[in-house]
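Each remark here refers to the structure printed beneath this line.
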Amino acid sequence: MNQRTPIEEQIDLPFVESLRISFQSLKIRFGRSIITTAGITLGIAFLVSVWTNNEIELALQESGRSSEITNLDESVEQGISTKDIWLIIMSLIVCVVGIANSMLMAVTERFREIGTMKCLGALDGFVVRLFLLESGFQGFAGALIGALIGLLGAVILGLKNYGLDLFFYFPLLPARPENGPFQLGVLLLILLGCIIGMILAIIGSSFPAWRAAKLPPAEAMRTEV
Amino acid sequence: MADIVVKTEDVVKEYRMGSNVLRALDGINIEIQRGEYISLMGPSGSGKSTLFNMIGALDRPTEGQVYIDGQNMSNLSQRQIAAFRCHRVGYIFQSYNLLNVRTAHGNVTLPMIFAGIPDKQRNEKAEKLLDMVGLGDRMYHLPDELSGGQRQRVAIARALANDPSIVLADEPTANLDTITGREIIDLIKQLNTQQGVTVISATHDLKMLDVSDRIVDIRDGLVERIRNREEIEIQVGEVGGHE
């Protein structure tokens with residue numbers, strides 16, 4: 001058998017190229033991207049609203065003003081009640097599951113695309129990087145919108161409970177009251193919400209993308225959703 | 001000595017399905033010469049698509065070796081396999097497998113992006129290839145806006161983007177009507193004769209057999225027989241009629 005030129009090694013693509021491809025993909029699949037992003041937005045909106053609401057309660061308790069509702073409640077003790085802790089944990093779980101689910105679906109329906117890209121010479125790492133970028137953008141945008149919606153919800157609820165006093169004692173910045181629990185402040189909460197949303201979206205999509213990229217292309221392309 | 005481009009040695013492929021093992025290929029030995037137009041033929045489930053995947057490095061054999069251009073494919077690194085898929089082979093599939101998020105032009109440029117070809121050069125090449133397959137006026141349409149035949153033409157242009165020496169076509173006409181199928185076959189045959197591209201096609205379309213140099217019959221994961229074009233009698237009726 002004739003010895004031909006040896007097969008060379010595939011090159012790495014410049015980062016800009018991945019950025020361009022992932023933006024194009026998001027733009028053209030705009031409708032679908034919005035739905036995936038909405039999943040992230042809802043999760044983060046719920047999380048941030050529960051957290052912010054909790055912060056507001058703490059701040060106003062600290063200022064000596066409690067809502068009428070809390071007064072009527074038995075648990076007037078200072079600090080975070082067990083109920084609030086539960087609510088925060090629940091909202092976190094809902095957020096994790098919701099985001100993981102929407103990212104998983106979004107990647108699984110693109111297994112064929114991943115297989116095809118590998119047929120055309122894409123390296124596994126390149127495929128994963130594309131999904132990492134796409135989900136990172138989606139995660140950040142979705143989480144930011146979600147955090148703002150959550151904040152709005154918590155403010156409306158706060159206004160109902162405390163009236164305009166809310167704005168005098170609004171827990172915007174982190175605070176450490178003398179005998180109360182540490183308060184993160186709303187600004188930090190929003191930032192935290194964005195980071196959580198982005199990280200969850202990236203994990204939720206890169207893990208299945210990595211699994212799909214590892215498969216032989218024939219198998220990835222066979223996968224039907 | 002003939003210039004052999006693809007050689008398989010006792011290729012076996014098994015699929016695990018729960019506790020069952022399905023032996024899709026049961027020891028395939030074939031040699032394909034450079035510039036040949038070869039058709040792998042067999043009923044569905046015979047293993048021809050599996051063999052197609054082995055030759056194209058789209059899947060790994062359970063046992064046996066595949067040599068392409070004298071290289072043992074199982075000795076290649078991931079990067080070499082990616083480069084092999086990118087430069088040496090062009091794939092054409094039954095269901096086109098175009099990326100729906102990219103235009104016809106975008107689909108054709110993608111393998112050239114992976115090959116690291118600069119912007120301007122790859123745009124020009126994509127335009128040239130799309131012109132050649134007769135889609136000069138639909139370059140910036142998305143696959144969803146094209147007919148089946150047009151999509152397959154985009155796939156052919158894409159397969160040729162990095163000047164491969166082998167074109168692998170898996171049932172390229174199965175989803176097309178007779179006339180469009182004929183056009184696609186003519187286009188593939190034209191590449192074979194004019195550019196000397198080796199064409200390996202899995203098919204059971206008789207029109208496809210008509211243009212083949214050799215036909216490999218696959219049955220139950222084995223090569224049943226290999227026939228030269230002259231040995232078989234195919235009557236391909238005139239289709240299309242007059243307008």
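Below, each value reflects all heavy atoms present in this structure, side chains not excepted, and no hydrogens, waters or symmetry copies.
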Validation row: [X], [Y] side chains within 4.5 angstrom (heavy atoms):
X	Y	answer
B:R158	A:T116	yes
B:L110	A:I21	yes
B:I113	A:R20	no
A:R110	B:V101	no

Checking heavy atoms, do the side chain of [X], its backbone, both or neither come under 4.5 Å from chain B?
X	result
A:I11	both
A:L120	both
A:D124	side chain

About how many Å separate [atom2] of [Y] and [atom1] of [X], when rounded to the nearest 0.5 Å?
X	Y	atom1	atom2	answer
A:E113	B:N100	CD	CG	8.0 Å
A:E17	B:F114	CD	CZ	9.5 Å
A:R222	B:D59	CZ	CG	6.0 Å

Taking all atoms of both residues into account, what is the closest heavy-atom pair of [X] and [Y], and its distance?
X	Y	value
B:L58	A:P216	O-CB, 3.3 Å
B:S95	A:R112	OG-NH2, 2.6 Å
B:R79	A:Q10	NH1-O, 2.8 Å

Is [X] in contact with chain A via its backbone, its side chain, both, or neither, using a 4.5 Å heavy-atom distance?
X	result
B:Y91	side chain
B:L76	side chain
B:D119	side chain
B:L142	side chain
B:N97	both
B:Y96	neither
B:F93	side chain
B:A161	neither

Atom CZ of A:F137: over 12 foreign heavy atoms under 6.0 Å: yes
Top contributor to chain A contacts, counting heavy-atom pairs under 4.5 Å, from B:R102, B:Q78, B:Q80: B:Q80
B:R85 side chain to A:C119 backbone, donor-acceptor under 3.5 Å: no
Basic-acidic side-chain contact under 4.0 Å: B:R60, A:E219: no
Pairs of heavy atoms under 4.5 Å with chain B: top-ranked of A:G115, A:S25, A:P14, A:A122: A:A122
